[in-house]
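Note that ligands are numbered from 1 as they come in the structure, with each ligand's atoms numbered from 1 the same way. Every value quoted in this text rests on a predicted model; they were computed, and no experiment measured them.
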Amino acid sequence: MAAASVRIQILKANASDILTDLDLSNDELSYLLDLALEVKRAPREFAQSLAGKSIALLFEKPSLRTRLTFELAIKQLGGDSVFCEGPIGGREPLKDVARNLDRWVNGIVARVFSHATVEELARWSAVPVVNALCDGYHPCQALADVLTIRQRFGDLRGLKLAFIGDGNNVAHSLMLTAVRLGMNFALGCPEGFGPNPEVLAQAEGLSATSGASLEVTHNAARALDGAHAVYTDVWASMGQEQESARRTAAFRPYQVNAGLFGLARPDAVFMHCLPARRGEEVTDAVMESPRSVVFDQAENRLHAQKALLLMML
Ligand code: CP
Ligand code: NVA
């Protein structure tokens with residue numbers, strides 16, 4: 001039970017792990033956003049919420065935001081974290097790694113190359129596993145992003161989010177999260193760089209239930225029409241560096257510059273998960289424009305992940 005001055009009760013998630021954006025129910029997702037705002041409003045009220053709990057952060061890829069916001073979130077909630085960088089399961093099977101960790105810690109946050117790695121960790125670990133980015137999803141990012149849009153526009157239902165660029169992990173997570181919340185979602189991407197068909201089919205099913213519209217198009221202008229939020233991400237994700245030249249050629253017309261950004265609503269915000277490559281997927285002018293909310297997104301990683309940890313541990 002939360003302290004008296006906290007305006008919200010801490011409810012636990014039903015799922016034991018967060019491997020994709022679908023592991024929280026729609027109600028839990030909406031509740032998480034409320035909890036994140038309360039944690040942001042009154043951080044000290046939660047200062048002991050994870051007292052006595054330890055969390056392992058296992059990162060196979062570099063990170064600024066995810067690592068630091070998880071470390072700070074855990075510390076500010078009264079818990080402890082340990083960090084381990086490098087290939088997970090290189091020296092011993094993942095099932096052994098998972099069964100070592102669950103003897104020491106109360107939760108695992110893992111950034112991995114392959115989604116199968118977080119699935120295997122979750123399968124063998126007795127403690128919750130949270131996906132901190134894999135090749136298919138970036139669920140923690142999407143939580144912070146919809147929180148950011150809600151802070152800017154209020155009720156999410158009926159807003160339009162346009163993602164311009166690669167149908168990648170961030171696009172998948174945003175697509176799944178947005179349509180469940182009743183947000184219209186459009187992905188404008190070059191041919192051959194669309195979302196994973198299985199993820200798209202899942203998102204289509206969710207949008208049919210929520211009434212949100214969902215569109216994948218190669219026409220960026222069409223995706224941007226009526227958009228409240230314009231989102232982009234790098235053209236080559238971590239692990240795809242060798243494809244950079246081919247991708248740059250294909251993605252060039254999809255750069256979010258003043259011209260493309262101007263096709264969205266006049267009050268549209270610009271969003272990016274960061275790190276950004278100025279001059280590639282976005283221009284410096286758009287990144288630095290008054291309608292850029294990229295640092296609000298970065299801040300909200302902290303609040304959203306605190307809420308997630310409170311619900312999972
Ligand atoms: N957006 C994001 O996940 O940033 P990092 O790669 O720095 O963690
Ligand atoms: N799509 C990017 C996101 C980085 C936060 C990547 O996977 O590298």
Side-chain angles (χ1 to χ4, degrees), residues 18-21 36 55 57-74 81 83-86 88 108-118 130-149 161 163-177 187-190 193-196 199 229-244 246-248 250-251 254-256 270-278 280-282 287 292-306 308-309:
I18 301 297
L19 305 186
T20 82
D21 305 82
I55 295 162
L57 306 180
L58 308 183
F59 278 49
E60 291 187 325
K61 297 175 179 174
S63 170
L64 176 69
R65 282 147 291 273
T66 309
R67 175 180 176 175
L68 294 187
T69 52
F70 265 112
E71 287 191 359
L72 287 165
I74 293 161
S81 63
F83 180 77
C84 187
E85 188 168 29
I88 307 168
I108 299 169
V109 172
R111 167 166 286 197
V112 300
F113 281 96
S114 166
H115 186 66
T117 302
V118 281
V130 172
N131 181 350
L133 182 148
C134 67
D135 53 358
Y137 307 92
H138 196 357
C140 299
Q141 181 69 51
L143 296 173
D145 296 338
V146 290
L147 183 64
T148 306
I149 299 171
L161 171 57
F163 188 101
I164 304 297
D166 192 16
N168 65 12
N169 47 7
V170 173
H172 287 160
S173 284
L174 283 171
M175 178 186 292
L176 293 170
T177 302
L187 172 62
C189 61
F193 296 97
N196 176 305
V199 175
V230 178
Y231 202 117
T232 192
D233 184 14
V234 290
W235 293 338
S237 286
M238 290 181 276
Q240 298 175 328
E241 290 78 7
Q242 75 291 350
E243 296 175 27
S244 242
R246 180 174 74 90
R247 286 174 165 267
T248 300
F251 283 99
Y254 294 81
Q255 181 190 66
V256 180
F270 172 72
M271 305 184 74
H272 196 306
C273 54
L274 306 180
R277 287 182 170 257
R278 287 169 164 82
E280 293 193 16
E281 75 273 8
V282 61
M287 272 286 286
S292 170
V293 294
V294 298
F295 302 113
D296 296 330
Q297 292 172 257
E299 178 188 331
N300 282 334
R301 296 292 303 274
L302 179 70
H303 310 306
Q305 287 160 198
K306 278 185 180 176
L308 183 63
L309 290 168

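- Contact annotation: for K61 versus ligand 1, there are no heavy atoms closer than 4.0 Å.
- Residue nearest to atom 1 (N) of ligand 1, selected from V294, T69, L274, D233: L274 (by heavy-atom distance).
- Within ligand 1, the atoms closer than 4.0 Å to a non-hydrogen atom of R301 are 1 (N), 2 (C), 3 (O), numbered from 1 in the order shown.
- Side-chain atoms of Q305 and V109, non-hydrogen and from C-beta on, never get closer than 4.5 Å to each other.
- The distance from atom SG of C273 to atom OH of Y231, rounded to the nearest 0.5 Å, is 4.5 Å.
- By the 4.0 Å heavy-atom criterion, D166 is excluded from the residues contacting ligand 2.
- The residue among R67, R65, H138 with a heavy atom at the shortest distance from atom 3 (O) of ligand 1 is H138.
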Practice task
Give the intermediate values and the outcome of side-chain contact (heavy atoms from CB on, under 4.5 Å) for residues Q141 and S173.
Solution key: CA-CA 8 Å; Q141 181 69 51; S173 284; over 6 Å; no
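- With respect to atom 7 (O) of ligand 2, the closest heavy atom belonging to the protein is N169 ND2, 2.8 Å.
- Side-chain contact check for D296 and T148: no donor-acceptor pair (N or O, by modelled atom type) lies under 3.5 Å.
- Counting the atoms of ligand 2 from 1 in the order shown, those under 4.0 Å from a heavy atom of L274 are 5 (C).
- Note that the CZ atom of R246 and the CH2 atom of W235 stand 14.0 Å from one another [nearest 0.5 Å].
- The protein heavy-atom contact nearest to atom 7 (O) of ligand 1 is L64 N, 2.7 Å.
- Looking at C140, A144, S63, S237 and measuring to atom 8 (O) of ligand 1, the nearest heavy atom belongs to S63.
- For the pair F295/L274, a side-chain contact is recorded, criterion being any heavy-atom separation below 4.5 Å from C-beta on.
- For CZ of R278, the number of neighbouring non-hydrogen atoms (other residues, nucleotides, ligands) closer than 6.0 Å is greater than 12.
- Atom 3 (C) of ligand 2 has D233 OD2, 3.6 Å as its closest protein atom, hydrogens excluded (heavy atom only).
- For ligand 1 and C273, the ligand atoms under 4.0 Å from any heavy atom of the residue are 1 (N).
- Geometrically, ligand 1 and P275 share no nitrogen or oxygen pair separated by less than 3.5 Å.
- The OG1 atom of T20 lies 8.5 Å from the CG atom of N131; values are rounded to the nearest 0.5 Å.
- Note that CG of D166 and CD of Q240 are 6.0 Å apart. Values are rounded to the nearest 0.5 Å.
- If you take CD1 on I164 and CD on Q255, they are separated by 12.5 Å, rounding to the nearest 0.5 Å.
- Contacts between L133 and ligand 1 below 4.0 angstrom, taking non-hydrogen atoms only, are absent altogether.
- In this structure, CZ in R247 is found 9.0 Å from CD in Q242, a value given to the nearest 0.5 Å.
- The nearest heavy-atom contact from the protein to atom 6 (O) of ligand 1 is R111 NH1, 2.8 Å.
- For M238, no nitrogen or oxygen atom sits less than 3.5 Å from a nitrogen or oxygen atom of ligand 1, counting backbone and side chain alike.
- Within the structure, the closest approach of Q297 to ligand 1 does not fall below 4.0 Å when heavy atoms are considered.
- Those atoms of ligand 2 with a heavy atom of L133 less than 4.0 angstrom away are 3 (C), 4 (C), 5 (C), 7 (O).
- Residue contacts with ligand 2: R111 is placed with no nitrogen or oxygen under 3.5 Å of a nitrogen or oxygen of the ligand (distance criterion only).
- Of all protein heavy atoms, the one closest to atom 8 (O) of ligand 2 is M238 N, 2.8 Å.
- By the 6.0 Å and 45° rule, R67 stacks over the aromatic ring of F83.
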